[in-house]
Amino acid sequence: MRDVWAGVAAGARWGVGEFALRPREMARRLIGAVLVRRLDDGTLLRGVIVETEAYLGAADQASHARNGRRTARNEPMYMRGGFSYVYFTYGMHFCFNVVCGEEGVAGAVLVRALMPTAGWEVMAANRGLSAGWKERDLCRGPARLCRALRIDGTLSAVDMTTSASLWIEEGDAKLLTEASDGGRRGVRIGRSARIGVEGAGKEWAGKPLRWFVRGSGFVSGTRKVNGG
DNA sequence: ATTTAGATCCTCT
DNA sequence: GAGGATCTAAATG
């Protein structure tokens with residue numbers, strides 16, 4: 001992971017340049033970065049990104065932009081890198097994506113889990129959890145993450161390079177080490193097939209387009225999927 | 001620890 | 001009208 005931070009300052013807000021990557025590279029690059037949400041009352045909620053999935057354009061049969069589809073819902077996927085794409089699914093959940101690449105080309109990264117670093121109490125309240133909750137459960141999974149950070153459809157197509165409500169900051173190696181459950185063997189990044197896309201058919205459902213911090217209790221999915 | 005069913009409604013065909 | 005980039009609780013090994 002060290003190479004990822006070469007020459008960049010921890011805590012700096014990402015600009016257009018950081019988002020100018022293709023989905024695969026973006027998904028890998030986002031691991032360890034910090035997602036920041038500022039509520040209307042000024043409360044800051046933060047978390048280190050520990051799990052992502054890349055969604056490509058026309059060829060990717062698991063993507064909302066498959067076969068070149070362009071609809072009102074997926075329009076943000078075609079925007080310039082740095083915009084958000086939030087969609088509603090399963091009748092009750094929102095999922096948050098980071099749009100990447102150049103304008104006119106579909107591509108985004110689903111952020112699936114965070115290690116919360118600020119605002120735990122507010123996140124728990126947003127999730128509707130009662131006493132006894134654990135930090136590791138607050139943002140484990142894309143829908144939980146959105147609920148904890150109060151991200152919904154009104155935060156789709158937001159420019160995260162300028163927004164006062166939602167943005168990404170450069171990560172810090174120490175925080176990622178913490179997220180990796182001690183990280184005694186160093187921070188290791190695992191890869192696997194994406195979750196919940198079986199319907200896309202063997203070829204695309206099987207591609208290793210999911211990235212996660214190995215051994216982290218903040219990552220979603222089963223032990224089997226996470227390779228122990 | 002793993003599996004199952006049910007919730008619930010927007011989006012696209 | 002069908003299905004979904006999910007989550008929770010309950011049941012079962």
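For the numbers below, each heavy atom of this structure counts, side chains included, while hydrogens, waters and symmetry mates do not. We name chains A, B, ... by the order of the sequence lines, and we start the count at 1 in each one.
The side chain of Asn97(A) has dA5(C) as its nearest neighbour among dC12(B), dT6(C), dA5(C). With distances taken from any side-chain atom of His93(A) to the nucleotides dT13(B), dT6(C), dA5(C), the minimum falls on dT6(C). Considering only the side chain of Thr71(A), dC12(B) comes nearest among dT6(C), dC12(B), dA5(C).
Checked by atom type, the side-chain pair Arg147(A)/Asn126(A) shows no donor-acceptor distance below 3.5 Å. A donor-acceptor contact under 3.5 angstrom links the side chains of Trp14(A) and Glu170(A), judged on distance only. For the 3.5 Å distance criterion, the side chains of Ser220(A) and Arg140(A) fail to qualify, holding no donor opposite an acceptor. A side-chain donor from one of Ser192(A) and Arg210(A) sits under 3.5 Å from a side-chain acceptor of the other.
When hydrophobic clusters are built by joining Ile, Leu, Val, Met, Phe, Trp and Tyr residues whose side-chain heavy atoms come closer than 4.5 Å, directly or via intermediates, Leu209(A) is grouped together with Val213(A).
In this structure, CZ of Arg147(A) is placed 13 Å from P of dT8(B), rounded to the nearest angstrom. Distance Leu145(A) CG to dA5(C) P: 17 Å, rounded to the nearest Å. Atom CE of Met92(A) and atom C1' of dT6(C) are 8 Å apart (whole Å). Look at CZ on Arg73(A): it is 7 Å from P on dA5(C), rounded to the nearest Å. Between Arg70(A) atom CZ and dT11(B) atom C1' the separation is 18 Å, expressed in whole Å. In this structure, the CZ atom of Arg140(A) is 14 Å from the P atom of dT6(C), given to the nearest Å. Taking atom OH of residue Tyr85(A) and atom P of nucleotide dT11(B), one finds them 10 Å apart after rounding to whole Å. Atom-to-atom, CZ of Arg69(A) to C1' of dC12(B) comes out at 6 Å; the value is rounded to the nearest Å.
Listed in residue order, the members of residues 117-130 of chain A having a heavy atom less than 4.0 Å from DNA chain B come to none.
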| When you look at Leu21(A) and Arg29(A), which way does the side-chain contact (heavy atoms from CB on, under 4.5 Å) test go after all the steps? | CA-CA 9 Å; Leu21(A) 295 173; Arg29(A) 178 77 173 84; 4.0 Å; yes
Check nucleotides 2-4 of chain C against the protein and report each pair of N or O atoms closer than 3.5 Å, with its distance, or say if there are none.
from   : atom 1 : to       : atom 2 : distance (Å)
dG4(C) : N2     : Tyr90(A) : N      : 3.4
dG4(C) : N2     : Gly91(A) : N      : 3.4

Between the protein and nucleotides 9-13 of chain C, which nitrogen or oxygen pairs come in under 3.5 angstrom?
none

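The number of heavy-atom neighbours closer than 6.0 Å to CZ of Arg136(A), taken from other residues, nucleotides and ligands shown, is 12 or below. Environment of CZ in Arg22(A): sparse, with no more than 12 heavy atoms of neighbouring residues, nucleotides or ligands closer than 6.0 Å.
Using a distance-only test at 3.5 Å, with no hydrogens or angles considered, no donor-acceptor pair links the side chain of Asn97(A) to the main chain of Val111(A).
Arg127(A) is not listed as a side-chain neighbour of Trp133(A), based on a closest heavy-atom distance of 4.5 Å or more.
Between Tyr85(A) and Tyr87(A), the two ring planes are tilted [angle within 30° to 60°].
Under the Watson-Crick and G-U wobble criteria, each requiring two contacts below 3.5 Å, nucleotide dT8(B) is left unpaired.
None of Leu114(A), Ile195(A), Leu145(A), Leu110(A) except one satisfies the side-chain contact (heavy atoms from CB on, under 4.5 Å) rule with Glu51(A); the exception is Ile195(A).
At the heavy-atom level, Ala62(A) lies under 4.0 Å from base atoms of the strands shown. If you check every strand for non-hydrogen atoms under 4.0 Å, Arg194(A) touches nothing.
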